[in-house]
Number of protein chains: 2
Amino acid sequence: MALRNAVMAALLEGEASGYDLAKGFQSSVANFWMATPQQIYRELERMESEGLVAARFVQQERRPNKRLFSLTEAGYAAVHAYTTEPPAKPTAIRDELLVKVQCVDVGDLQAVRAAIAQRMELAAAKVVRFERARERLLAGRTEDEYFGTAERIGPYLTLLRGLSLEQDNLRWGEVALKRLDQRTAALAARAE
Amino acid sequence: MALRNAVMAALLEGEASGYDLAKGFQSSVANFWMATPQQIYRELERMESEGLVAARFVQQERRPNKRLFSLTEAGYAAVHAYTTEPPAKPTAIRDELLVKVQCVDVGDLQAVRAAIAQRMELAAAKVVRFERARERLLAGRTEDEYFGTAERIGPYLTLLRGLSLEQDNLRWGEVALKRLDQRTAALAARAE
DNA sequence: TGGGAATATTCAAAAAGTTGCATATTCCCA
DNA sequence: TGGGAATATGCAACTTTTTGAATATTCCCA
């Protein structure tokens, strides 16, 4: 039932098709909840049968037809109820990169180095996207003005979290690469 | 097959029982891979049947007997092979707290506030633990000295990541609480 | 001496998530 | 005019993960 909450959170941004949700998960939600298309289509159907979302069939000229989902009143009520639910269970993280880093001393140092570098590239790209999204949300206002006037602040707050997470990824990656290179040099020196 | 890699990463620290691994997941690995006891016991059995780990039965005086697992040579080889494996699939995050934050404008503001505060407490506790673990690893050396002399640097690097993640959680939490309180005040003023 | 907490493992069932494919439409480019 | 990419959805099979126990030993405290 947890995916459901993420889907509802995404639908707060407005109606969306399963496809919309599946890719990017409506951009911001993707940063703290991952889901595959299959999962989302199935969950939407269940939610529809329970009256939490309603579908609107849209004939398209230049694309296959689609069904746009939006929250019903029951859906909004469910969102509200969800936020009051007791203790969010601890974050589930599964980060393969860090498992590899943990194994680096027994593993292939250069391969792990490459994996970190790749993660950094991804992080840099995300930072750029998030900064853009932030500009869009601010729409010329300062942050203080934004919080004083915006209808919704949730998406901005989660965006901030995603942004600082990726910036942190970059900072950490730099340190890690430096230290791995140091070690490579030290091992080479020892081998001489 | 991904849990398996996390288990092997944990066993690099030395032999451990299923129970050891289950709680804390050998402390550092827990920060980037979560698993329940069931998962771990089952995976250990499978790994044993494939010769990646070997079990040593330990009779205990003051506790129920246990089986301590350690990596076999095949296990070490598997760790090495794993680190060279191509592209770690994108990190899977599932953070209920951020889903709630995303929903805050439709949901219960005070409940979400409390959830953030709780997360911050957890984060603060983790920061303390991580700082301690770091002191232990450094054992009086500076970081430069550590990287010059330590057998293994992987655990230290992952520890750094965990530490900065939690520090970041705290920083973000402070901002989020401040903004939510601002909003509470603004809504109260509007209601007058 | 009795009960709760911690250690240590395991089973079974349900829920959730992944993978691979199948389908259909349309765009764009060569 | 043919093929690849993007849009859009869905099925079925499979694996993984979660949940909720049950079991057994021992520690510690009241």
Side-chain angles (χ1 to χ4, degrees), chain A residues 1-8 10 15-26 29-30 32-50 53 55-69 85-96 99, chain B residues 1-7 10 15-26 30 32-50 53 55-70 86-96 99:
Chain A
M1 291 298 155
L3 170 61
R4 162 164 312 188
N5 300 315
V7 168
M8 292 192 297
E15 59 178 8
S17 67
Y19 190 78
D20 293 333
L21 294 172
K23 68 170 191 17
F25 215 133
Q26 222 62 337
V29 179
F32 46 89
W33 209 276
M34 301 255 58
T36 60
Q38 310 317 315
Q39 260 179 288
I40 289 167
Y41 280 111
R42 252 187 296 121
E43 191 62 34
L44 281 171
E45 243 164 76
R46 267 185 248 153
M47 290 168 78
E48 192 186 13
S49 77
E50 295 176 38
V53 299
R56 184 165 73 86
F57 197 87
V58 176
Q59 295 268 6
Q60 289 186 119
E61 298 286 301
R62 343 204 113 211
R63 293 281 163 218
N65 300 328
K66 62 179 171 184
R67 302 207 308 148
L68 288 180
F69 293 88
E85 264 168 36
K89 59 178 75 168
T91 316
I93 316 188
R94 262 149 219 197
D95 191 340
E96 281 223 53
V99 178
Chain B
M1 291 298 154
L3 170 60
R4 163 164 313 189
N5 300 315
V7 168
E15 59 177 9
S17 68
Y19 189 77
D20 293 333
L21 293 172
K23 67 169 190 19
F25 215 134
Q26 222 62 338
F32 46 89
W33 207 277
M34 300 255 59
T36 60
Q38 313 314 317
Q39 262 178 288
I40 288 168
Y41 280 110
R42 251 186 298 118
E43 191 63 34
L44 281 171
E45 245 166 74
R46 267 184 247 152
M47 291 168 79
E48 192 186 13
S49 76
E50 294 176 39
V53 298
R56 185 166 74 86
F57 197 87
V58 176
Q59 294 269 5
Q60 289 186 121
E61 298 286 301
R62 344 202 112 213
R63 292 280 163 222
N65 300 328
K66 63 180 171 182
R67 301 207 309 147
L68 287 180
F69 292 87
S70 48
K89 59 178 74 162
T91 314
I93 317 189
R94 263 151 218 195
D95 191 340
E96 281 221 55
V99 177

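The shown structure was predicted, so the numbers you read here are calculated from the model rather than taken from an experiment. Lettering of chains follows the sequences in order, A, B, ..., and the numbering in each one begins at 1.
- Residues of residues 35-49 of chain B that place a heavy atom closer than 4.0 Å to DNA chain C, in numerical order, are B:Gln38, B:Tyr41, B:Glu45.
- For B:Gln39, the side chain to side chain donor-acceptor pair (under 3.5 Å) test picks out B:Thr36, with sequence neighbours left out.
- Residues satisfying the salt bridge (charged side-chain N to carboxylate O under 4.0 Å, His left out) criterion with A:Arg42, sequence neighbours excluded, are absent altogether.
- Under the side chain to side chain donor-acceptor pair (under 3.5 Å) criterion, A:Asn5 pairs with no residue at all, not counting sequence neighbours.
- Closest contact between the side chain of B:Arg94 and the listed nucleotides C:dA8, C:dT18, D:dT9 involves C:dT18.
- Straight-line distance from the NZ atom of A:Lys66 to the P atom of D:dA6: 17 Å, rounded to whole Å.
- Between the side chain of A:Arg94 and the backbone N or O of B:Met34 there is at least one donor-acceptor pair closer than 3.5 Å.
- Base-pairing analysis of DNA chain D finds the following stems of at least three consecutive Watson-Crick or G-U pairs, with both pairing distances under 3.5 Å: C:1-30 with D:1-30.
- Remark: B:Tyr19 is in phosphate contact with C:dT7, judged by side-chain N or O atoms under 4.0 Å from OP1 or OP2.
- Taking B:Glu45 as the reference, nothing meets the salt bridge (charged side-chain N to carboxylate O under 4.0 Å, His left out) condition, with sequence neighbours excluded.
- Under the side chain to side chain donor-acceptor pair (under 3.5 Å) criterion, B:Arg67 pairs with B:Glu48, not counting sequence neighbours.
- Place B:Ser17 and B:Ala92 on DNA chain C by their nearest nucleotides, and B:Ser17 ends up nearer the 5' end.
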